[in-house]
Amino acid sequence: MAYDHKSIEKKWQDYWVGDKVFKADSSSNKEKFYALDMFPYPSGAGLHVGHPEGMTATDIVSRMKRMQGYEVLHPMGWDAFGLPAEQYALDTGNDPAVFTQQNIDNFRRQIQALGFSYDWDREVNTTDPNYYKWTQWIFTKLYEEGLAYVDEVAVNWCPALGTVLANEEVVDGVSERGGHPVVRKPMKQWMLKITAYADRLLEDLEDLDWPESIKDMQRNWIGKSEGADVHFEVDGHDETFTVFTTRPDTLFGATYAVLAPEHPFVERIVSAEQKEAVQAYINEVTKKSDLERTDLAKEKSGVFSGAYAINPVNGERIQIWVADYVLMSYGSGAIMAVPAHDERDYEFAKTFDLPIRAVVEGGNVEEEAYTGDGKHINSDFLNGLDKEEGIQKAIEWLEAEGKGEKKTSYRLRDWLFSRQRYWGEPIPVIHWEDGSVTAEKVENLPLELPKTENIKPSGTGESPLANIEDWVNVVDPETGMKGRRETNTMPQWAGSCWYFLRYIDPDNSEQLADPEKLKEWLPVDMYIGGAEHAVLHLLYARFWHKFLYDIGVVPTKEPFQRLFNQGMILGENNEKMSKSKGNVVNPDDIVETHGADTLRLYEMFMGPLEASVAWSTNGLDGARRFLDRVHRLFATDNGSLSDKVKYDSQNTDLERSYHETVKKVTENFEALRFNTAISQMMVFINDAYKASEIPGQYAEGFVKLLSPVAPHLAEELWSILGHEDTISYEVWPIHDEAKLIDDEVEIVLQVMGKVRSKVSAPKDASKEELEKLAMEDETIQEWIQGKTVRKVIAVPGKLVNIVAN
RNA sequence: GCGGGUGUGGCGGAAUUGGCAGACGCGCUAGACUUAGGAUCUAGUGUCUCUCGACGUGGGGGUUCAAGUCCCUCCACCCGCACCA
């Protein structure tokens, strides 16, 4: 019988899972290798063909590393908290835990049907109390270290639904569900002080083996910029405000100042005459959505506050304006405006007819702002200096005069860590009636989510947990003091910040993970996932990891040494797969019709791992055809070994092709270039079909090379080749470099850089010998006839180029 | 606007330090075997001429004996950020 994927795949999957073939042993003395997938959110829709792409890539590497003698940790788990389960609960009254468990079971079934070599004994689930116990524990540590704090932050409050909405639940200013109005409302929120790690998150990127584009995205997100804080006094008030500037050297060109509309200072300094205008402006601005406010195309808007600031360098009175082009969230929410040398200030000054004074030479201030370098003018003690010197000197002056100081600002802001949701890790904090706040003691963790049939909005903006009286209200057993539990839960990011640590020691009830085991496995050697997590997940996880490093829990500064982002698999119409477009391909269907091995092979052969390529049914058929060809080459219809395979063969037809294949496949797997590795395997199979016989050791070697990509078929062929054990721990083939070198090589003969002839020559023929061969070649002689040979370039082993005209 | 990236046959894509452009797969064409083929096998397949040959890696220019690869310039598309002071 021909290649029957259904029976073969079932057989080997049952064996792998049943016999725990891929169990990882932390105590072995093999070198450790940790291959990690970004774990999925188990959605109700199940797996789509995009999921297995990255998973196949890590699986191939894992399987190869095992065969190369490494102890491989390759785990899978579930990022299972999240909004959809909560929505489902709200809609149906069902328990999100039950719903989530069903989805997980479905995901696991689908993933196992693809034959990945996960160690299923290490499966983790972020919604499991034994898991989130440690998520909560990390939070309490952050709290103890002062890195978790409460702040007032505006949230999307929907009065009609009585709940707070996530940004993605708000569409065009109304709730996505029901279309109710949404307003910004300040609420007390837990924040994590990621900004305290900004510099280290930036610097430590250097040593990581990550795509440069991802590093850059993180750098931009952190957005470090150096400059100075400058303090301005307000004329007629006993007040000062601070601006942040990267160009303190242009202080003499500051002709007005601007406060963000939300700046608390605005109401303190606004003049009586301007009060009404300012209030009207602020009202207008707060009505605008974030999108409208940041729309670059729009005209600058603003209003004069009626107050004046004193420029600290020259005592000049300058107007203070309120304008929304200054953001409260960056720097100090206030700027000194230097219209001559800043494009935004220039545009604003032109709009409102404010003075513009050049203080740096170069450019034409009549026409546009000049942001380049040049000698300073109109700047007293800075005159004649260039930009760099000017900045230096200005900061020295400010610090000496007590009018300002050197300052570094970051675009990165602290992490808003609260969610007003039921389906998340409860934040383990109690607010006591005397006003004190304490974190739950470790022995009281996990603080479990209470079971309830009544998940509904609290109506106050608190999470549904606020409805559950006997959970929310607590009494201190020792002092009798009453308290109320925090009702906010953690965001989905929390569980995914450290799951890779738990895989290392998933059942530990005493600690997050055994330090000795962490030392064995960390850092993750290979981490593959989608580029959509390039910034947030990876930054948050790095932050937590550095924190855990600081408190001595983990042994490495960085969690993920090597990172790779796989591309997307698009629908056959070249658009992103989505239910609404009807172009989603379900892996279950492919496994049924073509088999898991075909799906794996096809996804790896489509193109480079990082590229986004459209699904093609024809391409899939081609992948299947290759596996059919492989099967037919090695096995007969009744499942015995093909006569063509001969263990005692002395035939050397395939020698070179085989060794080249071993070399290329090994190198390409290592470099994650699976498409080229597979094409080389195809070349070998084509050669093998042409050969009169296939030496047994080449057949075995090839099956090993194929096994990471098409493990079920490889196991089957391995047993047909007469082996009892799994192929998973067989020794990976090594190529013999000597077999790749031919004694005779083909030399390309060129005239004027164009190939005119070819000739065979000994591989180590000298330049002179090659030149002689070229000149003797008949075709070449015809080409150079009647021409003068100006020059002959001979590259040993490669070519001869004759310059003649 | 800033940062990063990509442009190669009808399609997906290959091409060490500059050294035979188009590996491999899909598709297509012809043939073989077949009652049949959406199976399999064989041959062919960048374009123009189809004979020599010429042209050809987004466009233009340059360096070089030799450029997909290096330099300059322009264009298109994709991703991220976006009034970040």
Side-chain angles (χ1 to χ4, degrees), chain A residues 2 211-221 223-225 227-228 230 243-248 250 254 257-258 260 293-298 300 323-327 329-338 341-345 347-348 409-413 531-532 534-535 565 567-568 574 601-602 605-608 610-623 625-626 628-629 632 664 667 673 675-686 689 746-758 782 790-795 797-804:
Chain A
E212 200 52 38
S213 61
I214 302 296
K215 288 192 190 180
D216 258 316
M217 281 164 71
Q218 295 225 339
R219 288 188 192 109
N220 292 340
W221 194 261
K224 180 175 182 169
S225 64
V230 183
V243 307
F244 173 70
T245 177
T246 54
R247 294 294 303 274
T250 61
V258 187
R293 269 193 72 170
T294 55
D295 185 3
L296 260 178
K298 79 167 169 53
K300 291 258 184 306
D324 68 354
Y325 83 93
V326 173
L327 309 175
S329 53
Y330 186 76
S332 58
I335 63 155
M336 62 176 212
V338 185
H341 306 293
D342 181 283
E343 279 156 25
R344 296 148 302 175
D345 296 343
E347 199 188 320
F348 190 81
S409 268
Y410 299 91
R411 203 191 77 99
L412 180 69
R413 284 181 272 158
E532 65 272 21
V535 178
N565 293 110
M568 237 185 311
N574 237 302
L601 177 78
Y602 173 58
F605 187 60
M606 287 175 89
E610 69 273 21
S612 292
V613 183
W615 183 264
S616 151
T617 305
N618 280 331
L620 180 72
D621 290 341
R625 210 138 51 213
F626 172 66
D628 281 330
R629 258 167 86 73
R632 211 174 328 112
K664 283 195 179 167
E667 287 174 358
R673 289 192 299 259
N675 54 332
T676 50
I678 291 165
S679 85
Q680 182 60 40
M681 288 195 265
M682 290 172 168
V683 169
F684 177 78
I685 290 300
N686 290 344
Y689 264 95
E746 190 182 57
I747 299 294
V748 172
L749 304 181
Q750 298 180 331
V751 178
M752 295 298 284
K754 293 199 163 48
V755 181
R756 297 304 180 188
S757 183
K758 289 171 187 178
E782 282 172 33
R790 309 275 172 195
K791 195 174 177 183
V792 178
I793 295 106
V795 182
K798 285 234 166 73
L799 57 71
V800 179
N801 188 13
I802 298 162
V803 184

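What you are looking at is a predicted structure, and each value in this text was computed from that prediction instead of being measured. So you know, we letter chains A, B, ... as the sequences are listed, proteins then strands, and number each from 1.
- In this structure, the side chains of Met681(A) and Phe626(A) come closer than 4.5 Å at one or more pairs of heavy atoms.
- Within the nucleic acid shown, Arg756(A) comes within 4.0 Å of sugar-phosphate atoms alone, with no base atom in reach, counting heavy atoms only.
- At a threshold of 4.0 angstrom between heavy atoms, the contacts of Ser616(A) with the nucleic acid are absent.
- Remark: G1(B) base-pairs with C81(B); criterion is Watson-Crick or G-U wobble with both hydrogen-bond distances under 3.5 Å.
- As rounded to whole Å, 16 Å separates atom C1' of U40(B) from atom CD1 of Ile685(A).
- Toward the 5′ end of RNA chain B lies the nearest nucleotide of Thr676(A), the other residue of the pair Thr676(A) and Gly223(A) mapping further downstream.
- Distance CG (Asn574(A)) to P (C77(B)): 16 Å, rounded to an integer number of Å.
- Put simply, CG on Leu620(A) is 18 Å from P on G12(B), counting in whole angstrom units.
- The residue Asp345(A) sits apart from the nucleic acid: no heavy atom pair falls under 4.0 Å.
- Taking only side-chain atoms of Met682(A), from C-beta outward, the nucleotide of C24(B), C65(B), U40(B) with the closest atom is C24(B).
- Listed nucleotides G80(B), U40(B), C83(B) differ in distance to Tyr325(A); the shortest reach to its side chain belongs to C83(B).
- Nearest nucleotide to the Asp216(A) side chain, out of A85(B), A39(B), G3(B): G3(B).
- For U64(B), there is no paired base (Watson-Crick or G-U wobble, both distances below 3.5 Å).
- Under the 4.0 Å criterion applied to side-chain N and carboxylate O atoms, Glu212(A) and Arg219(A) are assigned as salt-bridge partners.
- Straight-line distance between the C1' atoms of C78(B) and A23(B): roughly 27 Å, to the nearest whole Å.
- The side chain of Ser679(A) approaches A23(B) more closely than any other nucleotide in the set A85(B), A23(B), C65(B).
- Comparing U40(B) with G46(B), their C1' atoms sit 29 Å apart, to the nearest whole Å.
- Of the listed nucleotides (A85(B), C83(B), C24(B)), C24(B) has the atom at the smallest distance from the side chain of Asn686(A).
- Comparing atom distances between the Val326(A) side chain and each of A85(B), C81(B), G27(B) picks out A85(B) as nearest.
- An OP1 or OP2 oxygen of A85(B) is reached within less than 4.0 angstrom by no side-chain nitrogen or oxygen of Arg411(A).
- The gap from the P atom of U16(B) to that of U69(B) amounts to 13 Å, rounded to the nearest Å.
- For A32(B), the paired nucleotide is U40(B), the pair qualifying as Watson-Crick or G-U wobble because both relevant distances are below 3.5 Å.
- Of the inter-residue distances, the one linking Met752(A) atom CE with Gln750(A) atom CD reads 11.0 Å to the nearest 0.5 angstrom.
- Checking Asn686(A) against Arg629(A) by side-chain atom types alone, a donor-acceptor pair falls below 3.5 Å.
- Between Val803(A) and Val751(A), every side-chain heavy-atom pair lies at or beyond the 4.5 Å cut-off.
- Across all strands shown, Arg632(A) has heavy atoms under 4.0 Å from sugar-phosphate atoms exclusively, and none from any base.
- Note on Gln750(A): a base of the nucleic acid sits closer than 4.0 angstrom, heavy atoms only.
- Using C1' as the reference atom, G56(B) and A21(B) are 9 Å apart when rounded to the nearest Å.
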Legend entry - Tyr602(A) vs Thr617(A), side chain to side chain donor-acceptor pair (under 3.5 Å): CA-CA, chis, key distance, verdict: CA-CA 10 Å; Tyr602(A) 173 58; Thr617(A) 305; over 6 Å; no
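- Between Tyr410(A) and Trp221(A), a ring centre-to-centre spacing not shorter than 6.0 Å is recorded.
- Within the 4.0 angstrom heavy-atom criterion, no nucleotide atom of any strand lies near Arg673(A).
- When heavy atoms are screened at a 4.0 angstrom cut-off, Lys754(A) is found touching the sugar-phosphate backbone but no base atom.
- Taking atom C1' in both C65(B) and A82(B), one finds a spacing of 49 Å when rounded to whole Å.
- When heavy atoms are screened at a 4.0 angstrom cut-off, Val755(A) is found touching the sugar-phosphate backbone but no base atom.
- Pair assignment for U17(B) gives none, since no Watson-Crick or G-U wobble pairing has each distance under 3.5 Å.
- The phosphate of G13(B) has neither OP1 nor OP2 within less than 4.0 Å of any side-chain N or O from Asn675(A).
- Judged by atom type and distance alone, Lys798(A) does not reach the base of C20(B) through any side-chain donor-acceptor pair under 3.5 Å.
- You won't find any donor-acceptor pair under 3.5 Å spanning the side chain of Glu343(A) and the base of C83(B), going by distance alone.
- For the P atoms, the distance from U64(B) to G80(B) is 43 Å, rounded to whole Å.
- Residue Gln680(A) is out of contact with every strand shown, counting any heavy-atom pair closer than 4.0 Å.
- Taking atom P on both nucleotides, U35(B) is separated from C48(B) by 39 Å, rounded to a whole Å.
- Note on Arg219(A): nothing from the nucleic acid sits closer than 4.0 angstrom, heavy atoms only.
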Inset, instruction - Check step by step if side chain to side chain contact (heavy atoms under 4.5 Å, CB included) holds for Val230(A) and Thr245(A). - result: CA-CA 8 Å; Val230(A) 183; Thr245(A) 177; 4.0 Å; yes
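- As judged by a 4.0 angstrom heavy-atom cut-off over every strand, Pro211(A) is placed among residues making no nucleic acid contact.
- Distances shown here put every side-chain N or O of Ser213(A) at or beyond 4.0 Å from the OP1 or OP2 atom of G80(B).
- Taking the side chain of Asn618(A) as heavy atoms from C-beta on, and the options G27(B), G13(B), A85(B), the nearest nucleotide is G27(B).
- Among the heavy atoms of the strands lying under 4.0 Å from Val683(A) are primed sugar atoms or P, OP1, OP2 only; no base atom is included.
- Glycosidic conformation of G5(B) is anti; the angle lies outside 90° of 0.
- Mapped onto RNA chain B by nearest heavy atom, Met606(A) and Ala334(A) fall at different nucleotides, with Met606(A) at the one closer to the 5' end.
- Residue Asn801(A) places no side-chain N or O under 4.0 Å from the OP1 or OP2 atom of U64(B).
- Classified by interplanar angle (parallel below 30°, tilted 30° to 60°, perpendicular above 60°), the ring pair Phe348(A)/Tyr325(A) is tilted.
- Nearest nucleotide to the side chain of Leu799(A), out of G19(B), C20(B), G27(B): G19(B).
- In this entry A54(B) has U47(B) as its Watson-Crick or G-U wobble partner, both defining distances falling under 3.5 Å.
- Of the listed nucleotides (A85(B), G13(B), C20(B)), G13(B) has the atom at the smallest distance from the side chain of Val613(A).
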